[in-house]
S.K.: 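Below is the structure I would like to discuss, written out as structure tokens.
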Amino acid sequence: MPHTSRKKKPSSTTATKRTTITDATGWTHVTTTGNAHRAHRQQPRPQNNAQQPQEELQPAEAPKSLTLASLLTQYRAHRTKWAASTTATTLTATVRREPQPEDQDPKPEQAPPSFTTTPTPTRKPESQTRITNIICIGLGSPSGFLRGGWVDRRSVSLYQLNALMSVVECFNHPTTPLQIYAQDPVFNALDRQLLTSLGITVVEHPAGFERVNPNSLLFCPGAEKAHLEVLLARNPVGVVGGPLEDTGSAGIERFVARTGSVRLPRFEELKEAFWEMRVYYTRQVEEEEP
């Protein structure tokens with residue numbers, strides 16, 4: 001029987017590799033090389049990690065030919081697909097308190113979110129929480145490659161940025177615009193220009209954390225557990241992100257225990273962009289009978 005030296009092709013289950021990057025300030029990004037043009041060659045893990053310096057996250061590398069105008073064109077193209085999705089519909093309906101088909105008569109523990117300014121007849125108007133700012137942590141780079149060009153997550157970030165702007169549009173008012181902040185160490189100059197053009201203020205660590213208060217809504221598609229513990233301890237009114245269940249953190253579990261949540265349906269265009277994400281909201285206190 002003839003033998004062949006031809007190597008077998010890797011199976012589809014092993015074609016995508018996940019890489020974690022942690023810098024000295026505690027930021028860790030989980031990335032995938034499945035859609036990148038080049039594959040990152042992972043180095044053997046050292047025996048003693050405590051003695052190894054942590055890799056510092058650097059701003060993502062945008063293509064030299066990319067301009068703000070072309071990046072805005074990409075953003076709008078992603079916007080069209082995002083707006084047509086059931087994921088977008090569920091997100092905006094949840095933050096606007098619109099009942100979902102499966103929740104026409106919700107139980108008290110499944111009450112709609114409390115982070116809108118329009119009171120419902122069964123609740124005290126003063127129990128409504130007014131959102132004063134929205135803070136985005138861990139968006140990633142909409143324009144650039146990570147790890148020296150090895151990892152491409154630009155579409156993920158562009159879809160998540162569109163989701164963030166959908167949330168902003170649910171609350172913004174021409175006379176009293178919200179303050180929107182974004183923080184991520186991988187933002188490059190082009191990312192900052194894009195975010196600024198959308199009315200988002202880019203801040204450096206820890207300024208984004210310091211702006212969180214009980215009137216804040218968090219948009220955290222890429223925040224790490226250590227950061228969530230700090231953020232949630234400041235009692236934000238709601239979070240878009242997660243999942244926050246089964247993290248093993250007492251602080252995060254306390255937050256989850258006093259909130260309700262709605263899971264976002266799978267985003268078919270790019271499922272990893274919103275994989276298992278939820279909208280977490282502070283439960284309303286029902287008006288007591290006299």
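Basis for what follows: all heavy atoms, side chains included, without hydrogens, waters or symmetry-related copies.
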S.K.: Could you state the interatomic distance from CD (Glu169) to CG (Asn162), rounded to the nearest 0.5 Å?
M.R.: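 Going from CD on Glu169 over to CG on Asn162, the span is 9.0 Å.
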
S.K.: For Asn215 and Arg130, indicate whether the former's side chain and the latter's backbone hold a donor-acceptor pair under 3.5 Å.
M.R.: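 Yes; judged by distance alone, with no hydrogens or angles, the pair exists.
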
S.K.: Going by ring pair (Phe, Tyr, Trp, His ring centres under 6.0 Å), name the residues that satisfy it together with Phe219, two or more places apart in sequence or in a different chain.
M.R.: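 Partners of Phe219 by the ring pair (Phe, Tyr, Trp, His ring centres under 6.0 Å) criterion come out as none, since no residue qualifies.
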
S.K.: Counting N and O atoms only, with roles assigned by atom type, does the side chain of Ser85 sit under 3.5 Å from a partner on the main chain of Trp82, one being a donor and the other an acceptor?
M.R.: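 At least one qualifying donor-acceptor pair exists.
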
S.K.: Starting from Phe187, can I reach Leu68 by hopping between I/L/V/M/F/W/Y residues whose side chains sit under 4.5 Å apart?
M.R.: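 Yes: a chain of side-chain contacts under 4.5 Å links Leu68 to Phe187.
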
S.K.: Give the C-alpha distance, both sets of side-chain angles, the deciding distance and a yes or no for side-chain contact (heavy atoms from CB on, under 4.5 Å) between Ser155 and Glu272.
M.R.: CA-CA 10 Å; Ser155 281; Glu272 55 265 34; over 6 Å; no

S.K.: Ignoring hydrogens and geometry, is there a side-chain-to-backbone donor-acceptor pair from Asn188 to Pro59 under 3.5 Å?
M.R.: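 No, the answer is negative, given that no donor and acceptor are paired below the 3.5 Å cut-off.
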
S.K.: Quick one: pull up CD1 in Ile200 and CD1 in Ile135 and give me the separation to the nearest 0.5 Å.
M.R.: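 The CD1 atom of Ile200 sits 12.5 Å away from the CD1 atom of Ile135.
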
S.K.: Working to the nearest 0.5 Å, report the span between CG of Leu228 and CD1 of Ile252.
M.R.: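 Rounded to the nearest 0.5 Å, the CG-CD1 separation comes to 5.0 Å.
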
S.K.: Minimum heavy-atom separation for Arg234 and Phe209, please, with both atom names.
M.R.: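 Smallest heavy-atom distance, with atoms named: NE-O, 3.2 Å.
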
S.K.: CD1/Ile137 to CG/Leu231 distance, rounded to the nearest 0.5 angstrom?
M.R.: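 Here the interatomic distance stands at 5.5 Å.
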
S.K.: Would you check if the side chain of Asp191 reaches a backbone N or O of Ser143 as a donor-acceptor pair within less than 3.5 Å?
M.R.: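 Yes, the answer is positive, given that a donor and an acceptor are paired below the 3.5 Å cut-off.
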
S.K.: Could you check if a side-chain atom of Leu164 sits within less than 4.5 angstrom of a side-chain atom of Ile134, using non-hydrogen atoms only?
M.R.: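 Counting from C-beta outward, Leu164 and Ile134 do come under 4.5 Å.
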
S.K.: Is the shortest heavy-atom distance from the side chain of Leu198 to the side chain of Leu161 under 4.5 Å?
M.R.: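 Leu198 vs Leu161: side chains touch.
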
S.K.: Does any non-hydrogen side-chain atom of Val95 lie less than 4.5 Å from one of Tyr281?
M.R.: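 In short, these two side chains do not touch, never coming nearer than 4.5 Å.
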
S.K.: What pair of heavy atoms forms the shortest contact from Pro214 to Val237, and how long is it?
M.R.: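 Reported closest heavy-atom pair: O-CB, 3.7 Å.
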
S.K.: Taking the side chain from Thr87 and the backbone from Pro265, do they hold a donor-acceptor pair closer than 3.5 Å?
M.R.: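 A pair under 3.5 Å: yes.
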
S.K.: Are any non-hydrogen side-chain atoms of His227 and Pro206 less than 4.5 angstrom apart?
M.R.: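 No. Closest side-chain heavy atoms not under 4.5 Å.
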
S.K.: Can a donor-acceptor pair be found, under 3.5 Å and without considering hydrogens, that links the side chain of Ser70 to the backbone of Leu66?
M.R.: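 Checked: no pair found.
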
S.K.: Does the Asn133 side chain pair with the main chain of Gln179, one donor and one acceptor, at a distance under 3.5 Å?
M.R.: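 Such a contact is absent between Asn133 side chain and Gln179 backbone.
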
S.K.: Using only atom types and a distance under 3.5 Å, with no angle test, would you say the side chain of Ser216 pairs donor to acceptor with the backbone of Pro236?
M.R.: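 No, the answer is negative, given that no donor and acceptor are paired below the 3.5 Å cut-off.
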
S.K.: Do Tyr75 and Met165 have side chains that approach each other closer than 4.5 Å (heavy atoms only, starting at C-beta)?
M.R.: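 In contact.
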
S.K.: Let me confirm one number: the CD1-OG1 distance from Ile180 to Thr201, rounded to the nearest 0.5 Å.
M.R.: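 Spacing of CD1 (Ile180) from OG1 (Thr201) equals 8.5 Å.
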
S.K.: Taking all non-hydrogen atoms of both residues into account, name the closest pair between Gln183 and Ala207 and its distance.
M.R.: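 Nearest heavy atoms, Gln183 then Ala207: OE1-N, 3.8 Å.
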
S.K.: Please set out all donor-acceptor pairs under 3.5 angstrom arising from side-chain atoms of residues 238-248, sequence neighbours excluded.
M.R.:
from: Glu245; atom 1: OE1; to: Tyr280; atom 2: OH; distance (Å): 2.8
from: Glu245; atom 1: OE2; to: Tyr280; atom 2: OH; distance (Å): 3.2
from: Thr247; atom 1: OG1; to: Ser249; atom 2: N; distance (Å): 3.3

S.K.: Any chance you could measure Arg96, atom CZ, to Phe171, atom CZ, to the nearest 0.5 Å?
M.R.: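 Between Arg96 CZ and Phe171 CZ, I get 9.0 Å after rounding to 0.5 Å.
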
S.K.: Less than 4.5 Å apart, side chain to side chain, heavy atoms only: is that true for Cys170 and Val167?
M.R.: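 When only atoms from C-beta onward are counted, Val167 and Cys170 do not touch, as no gap falls below 4.5 Å.
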
S.K.: What pair of heavy atoms forms the shortest contact from Gly138 to Pro221, and how long is it?
M.R.: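 So the minimum-distance heavy-atom pair works out to O-CG, 3.7 Å.
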
S.K.: Decide whether Leu264 and Trp275 are clustered together by the hydrophobic rule: side chain heavy atoms of Ile, Leu, Val, Met, Phe, Trp, Tyr closer than 4.5 Å, transitively.
M.R.: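 No; Trp275 is not reachable from Leu264 via cluster members.
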
S.K.: Check whether any side-chain heavy atom of Phe274 lies under 4.5 Å from a side-chain heavy atom of Arg266, and answer yes or no.
M.R.: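 Not touching, per the 4.5 Å side-chain cut-off.
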
S.K.: Cys220 and Ala223: which non-hydrogen atoms are nearest, and at how many Å?
M.R.: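 Smallest interatomic distance, heavy atoms only, reads CB-CB, 3.9 Å.
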
S.K.: Taking the side chain as every heavy atom from C-beta outward, state whether Arg258 and Asn235 have any atom pair closer than 4.5 Å.
M.R.: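 SC-SC contact between Arg258 and Asn235 confirmed.
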
S.K.: Please answer whether the main-chain N or O of Ala273 pairs with a side-chain N or O of Gln160 as donor and acceptor at a distance below 3.5 Å.
M.R.: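 Yes; at least one donor-acceptor contact below 3.5 Å.
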
S.K.: According to salt bridge (Lys or Arg N to Asp or Glu O under 4.0 Å), does anything in residues 202-222 pair up with another residue at least two apart or in another chain? List the pairs.
M.R.: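 Every salt bridge (Lys or Arg N to Asp or Glu O under 4.0 Å) pair that includes a residue of residues 202-222, provided the two are not neighbours, is Arg192-Glu204.
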
